[in-house]
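Shown next, in structure tokens, is the structure this report addresses.
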Amino acid sequence: MKLLKDKQILKKPYLYAFLLIGITLFTIFMVGTFLDAQIAENIYREKSWFGYAFDKFGQLTFLIPVNFCVMGIFIYLTDKRKDWSVQLFIFKIIYLTLIYAGIAFYLFAPLMSNKDKHTNEVSVDIFNTFIFWIFFIATSIFYKLNPNFTEQRNFLWKVGLVIIYVIAIFLTTELLKNIFSRPRPIKSVINGEVPYREWWNITYVYGFGKNKSFPSGHVTSSITILGLALLFKKDSLYYYGVILVAFVFAGLVGSSRMVLAKHFLSDISFACIMAVTWFLIFENVFLKMLNKKLGGDYE
């Protein structure tokens, strides 16, 4: 009886947190549904440092949870397969070299082109590069400070769920973009190239998938960090810390996309709603099934 009571107490912060998240996102979504055009027209800034910075950041944010999972796999295999230690060390060095160098190259690549560049580009690319490097370093520090983290039951299966969650987010986003085919605010509200269209007014008059505004792919990329919460118990501060970081990133990236008139408020908020829905399905259905079948403490 006491054990059942303790579990119910642990569930309360979880239920309150996601109830608050759900109410907030739905309210923002409804505001966007009725005021998308007015908000887009007033918030637009053509050359915004903030907009450009988090616009690029949002493209690659999914690498943060993916890197966290890959590093965990390396550590797990190193502990479990001592006979693979040399090969794993070599692969780890190659992987780290590629991801650190790859991030820098991708972000600085536009500076190597012959196109005209505004004065903020250099500072923005340096900012983005260091932000990603900091998170990659923080991942390594986390595993150093929590040496037993990869020893939790079903660790590799949970890592697999995180990666599948990221893939599900991207596939759903691309599918919905092509279904709704909504013109971006820069084309409809700002430049007037095409008529403004609400998210619910589905039409393919401009071609299937050519005007991909709803939902925001950058925001769904940024909120994929939410998937890392699948690796932590609900009574852990890390669990709620991951959720907080995911929504901070989603807010920053979403705001930047609105400032550049690449997305409406409803595009941003629906992307978050979709990501949270997928997360709750993965956590309360797939993760629960996994632990029930293979054994493990779901709570």
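Index from 1, following the sequence.
- For the ring pair (Phe, Tyr, Trp, His ring centres under 6.0 Å) test, residues two or more places apart in sequence or in another chain that qualify with Phe279 are Phe18.
- The shortest distance between side-chain heavy atoms of Met71 and Tyr143 falls below 4.5 Å.
- Counting heavy atoms from C-beta outward, Asn146 and Tyr238 have side chains that approach closer than 4.5 Å.
- Aromatic ring orientation, Phe282 versus Phe286: perpendicular (interplanar angle above 60°, classes split at 30° and 60°).
- When every heavy atom of Ile39 is checked against every heavy atom of Val31, the shortest pair comes out as CD1-CG1, 4.3 Å.
- Rounding to the nearest 0.5 angstrom, the gap separating the CD1 atom in Ile164 from the CG atom in Leu171 is 11.5 Å.
- Residues Met258 and Ile186 are members of separate hydrophobic clusters, defined by side-chain heavy-atom contacts under 4.5 angstrom among Ile, Leu, Val, Met, Phe, Trp and Tyr.
- Ring planes of Phe132 and Phe136: tilted class, angle from 30 to 60°.
- If you chain together hydrophobic residues whose side chains sit under 4.5 Å apart, Leu228 and Ile223 fall into the same group.
- Pairs engaging residues 250-260 under the salt bridge (charged side-chain N to carboxylate O under 4.0 Å, His left out) rule: Asp55-Arg257 [sequence neighbours left out].
- Between Lys233 and Gln152 the shortest side-chain heavy-atom distance does not fall below 4.5 Å.
- The backbone N or O of Arg197 sits nowhere less than 3.5 Å from a side-chain atom of Asn201 that would complete a donor-acceptor pair.
- Under the 3.5 Å distance criterion, with hydrogens and angles disregarded, no donor-acceptor pair is assigned to the side chains of Ser216 and Asp267.
- A 4.5 Å side-chain heavy-atom check between Leu230 and Lys158 finds every atom pair outside the cut-off.
- Note: Tyr239 and Tyr14 have tilted aromatic rings, judged against thresholds of 30 and 60 degrees for the angle between ring planes.
- Annotation: ring pair (Phe, Tyr, Trp, His ring centres under 6.0 Å) contacts of Phe62 (sequence neighbours excluded): Phe170.
- In this structure, Phe142 and Phe68 have tilted ring planes: the angle between them lies in the 30° to 60° band.
- Taking NZ of Lys212 as the reference point, atom CZ of Arg184 lies at 9.0 Å (rounded to 0.5 Å).
- Between atom CG of residue Leu226 and atom CD1 of residue Ile21 there is a gap of 7.5 Å, rounded to the nearest 0.5 Å.
- Ring-centre distance between Phe29 and Phe34: not below the 6.0 Å cut-off.
- Taking both residues in full, the closest heavy atoms of Val189 and Ala37 are given as CG1-O, 3.7 Å, listed atom of the first, atom of the second, then distance.
- Note on ring orientation: taking the six-membered ring where Trp is involved, the planes of Trp199 and Phe270 are parallel (angle under 30°, cut-offs 30° and 60°).
- Taking CH2 from Trp200 and CZ from Arg182, the interatomic distance works out to 10.0 Å, rounded to the nearest 0.5 Å.
- From Phe57, atom CZ reaches atom OG of Ser221 across 8.5 Å, with rounding to the nearest 0.5 Å.
- When every heavy atom of Trp278 is checked against every heavy atom of Ala168, the shortest pair comes out as NE1-O, 4.0 Å.
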* **Test log, rule ring-ring contact (aromatic ring centres under 6.0 Å, His included), inputs Tyr196 and Phe264** => CA-CA 11 Å; Tyr196 166 74; Phe264 294 103; 5.5 Å; yes
